[in-house]
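Just so you know, these numbers come straight off a predicted model, no measurement behind them. Only heavy atoms go into these numbers, but all of them, side chains included; no hydrogens, no water, no symmetry mates. Numbers restart at 1 for each chain; the letters A, B, ... are given by sequence-line order, proteins then strands.
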Protein chains: 2
Amino acid sequence: MVREKTDEVRRNGGAARVLDALDRKILGALSVDATLSYAAIGQEVGLSAPAVHERVKRLRASGAIRATVAQLDGPAVGKPMLAFIHVDTVGWGKTAELLSLEAWPEVEEIHTATGDTCLILKVRVASPHALEGLLARIYDVEGVRGTRTYMTLSTHLERTVQADVSAELEEELYIKR
Amino acid sequence: MVREKTDEVRRNGGAARVLDALDRKILGALSVDATLSYAAIGQEVGLSAPAVHERVKRLRASGAIRATVAQLDGPAVGKPMLAFIHVDTVGWGKTAELLSLEAWPEVEEIHTATGDTCLILKVRVASPHALEGLLARIYDVEGVRGTRTYMTLSTHLERTVQADVSAELEEELYIKR
DNA sequence: GCTATGTTCTGAATGAGGTTCTGTGAAGGG
DNA sequence: CCCTTCACAGAACCTCATTCAGAACATAGC
């Protein structure tokens, strides 16, 4: 019976479900260090290892945990330069074409944005020369009208999505599908 | 002797060391899915599990792998709104004060940048109201002259630092200290 | 050229921790 | 009041991380 229910939840991708305080504590811990053992997390939040495991499995299935990844150091892997590029296009329809940017390893983020620009890119490159080549390729894309590049000189903070652990939000947090 | 040398490398934090093709393949795999077993990675790159483990240990010690974290989903944890905020300050010295932004859970990234602005923030909030409150707090910080906010409407790509697996870069990649 | 030395790998052995199973107690509904 | 459902704890199992010893290979010095 329990198994049936679990499978059902997994089928519909995790229906709307409140994240309680324990879930947010677990997410907070894993978003900082995903190598923690379930037993260690259980110590922190007051659960047994299997209970933590069950919740993490649910959080993965529901999409609250998108992935578990290694955070690399830009300079260490040969990409010391970070920049944000604002791209203006001739129309909204053309942004679809730009999505092939996903295949470019320099591009880490692509957002559609409001303001005086259409797209915001976060890119990481090895050198000024590499940045110039990237910009040239961007201008080659059909529909690109112009770009504005913001080079970063130093990065003071760079982390992933934070789960707020404050308790008063409990009622508002739902898993969206 | 071997142990001595290993300890020495660890003491100076991992001296300049070339990342070879195997290292970059391993980094590429772990940056996408850090839950892979060492045996599975070894299958991909042609090494045994202990050999992969040894390399990963070195990559962690050298700083090429900064951390292993769970990537959370913004909407799922109650933060559906993502924005970039460009902050103008009255002088460079004042940016140090702004670094207390690290303690604000809405702020994910802080960069010093070139261009017509001093700081670029990446923030994720629950609602327009929360964004307004955040901007009010930013303006309360001593030295803040103005801000420009770029709201994102949709995110087409959001990933971490990518390790280029192409082979021709082999000679250029060093671990910086 | 030969030897000593350091490096990195493989395969085996061990132990920690991930994963599953079963039972129990609490909460909600008929 | 009983039944169902759910989440958890404890125990058992089993995969996989980790360590160890030895082999292969490259390098430097004699």
>> Quick check on the helix from C:dG1-D:dC30 to C:dG30-D:dC1: what's the angle between its two end axes, five base pairs per end, to the nearest 10°?
In response: 30°
>> How many whole angstroms separate atom CG of A:Asp23 from atom C1' of D:dC8?
In response: 14 Å
> Considering only side-chain heavy atoms of B:Pro50, which listed nucleotide, D:dA7, C:dC9, D:dT18, is closest?
Replying inline: D:dT18
> Expressed in angstrom and rounded to an integer, what is the separation of B:Gln43 atom CD from D:dC16 atom P?
Replying inline: 12 Å
> What is the distance from CG of B:Leu22 to P of C:dT8, rounded to the nearest Å?
Replying inline: 12 Å
> Does any pair with a residue in residues 142-165 of chain B pass ring pair (Phe, Tyr, Trp, His ring centres under 6.0 Å), and if so which ones, sequence neighbours excluded?
Replying inline: A:His86-B:Tyr150, B:His86-B:Tyr150
> What pairs of residues pass the ring pair (Phe, Tyr, Trp, His ring centres under 6.0 Å) test when at least one of them lies in residues 111-132 of chain A, not counting sequence neighbours?
Replying inline: A:His111-B:Phe84
> Is A:His53 near enough to C:dG18 that one of its side-chain N or O atoms lies under 4.0 angstrom from OP1 or OP2?
Replying inline: no
> What's in the same ILVMFWY side-chain cluster as B:Val32, cut-off under 4.5 Å, chained through other members?
Replying inline: none
>> Strictly distance-based, threshold 3.5 Å: is any side-chain N or O of A:Thr152 a donor or acceptor partner for the main-chain N or O of A:Ala83?
In response: no
> Sequence neighbours excluded, which residues qualify as salt bridge (Lys or Arg N to Asp or Glu O under 4.0 Å) partners of A:Arg66?
Replying inline: none
> Closest to the B:Lys57 side chain: D:dT19, C:dT10, D:dC16?
Replying inline: D:dT19
> Can you tell me how far P of C:dT19 sits from CZ of A:Arg58, to the nearest Å?
Replying inline: 16 Å
>> Apply side chain to side chain contact (heavy atoms under 4.5 Å, CB included) to residues A:Leu72 and B:Thr160 and explain how you reach the verdict.
In response: CA-CA 7 Å; A:Leu72 308 185; B:Thr160 59; 5.8 Å; no
> Whole Å only: how far is the CG atom of A:Leu47 from the P atom of D:dC6?
Replying inline: 18 Å
> Between atom CG in A:Asp20 and atom P in D:dC6, what is the gap in whole Å?
Replying inline: 16 Å
> Roughly how many Å is it from OH in B:Tyr38 to C1' in D:dT15, rounded to a whole number?
Replying inline: 15 Å
> Rounded to the Å, how far apart are B:Ile26 CD1 and C:dC9 P?
Replying inline: 8 Å
>> Taking any heavy-atom pair under 4.0 Å as a contact, classify B:Ser37: base, sugar-phosphate, or nothing.
In response: sugar-phosphate
>> Using the side chain to side chain contact (heavy atoms under 4.5 Å, CB included) criterion, which residues pair with B:Leu36? Sequence neighbours excluded.
In response: B:Ala29, B:Asp33, B:Ile41
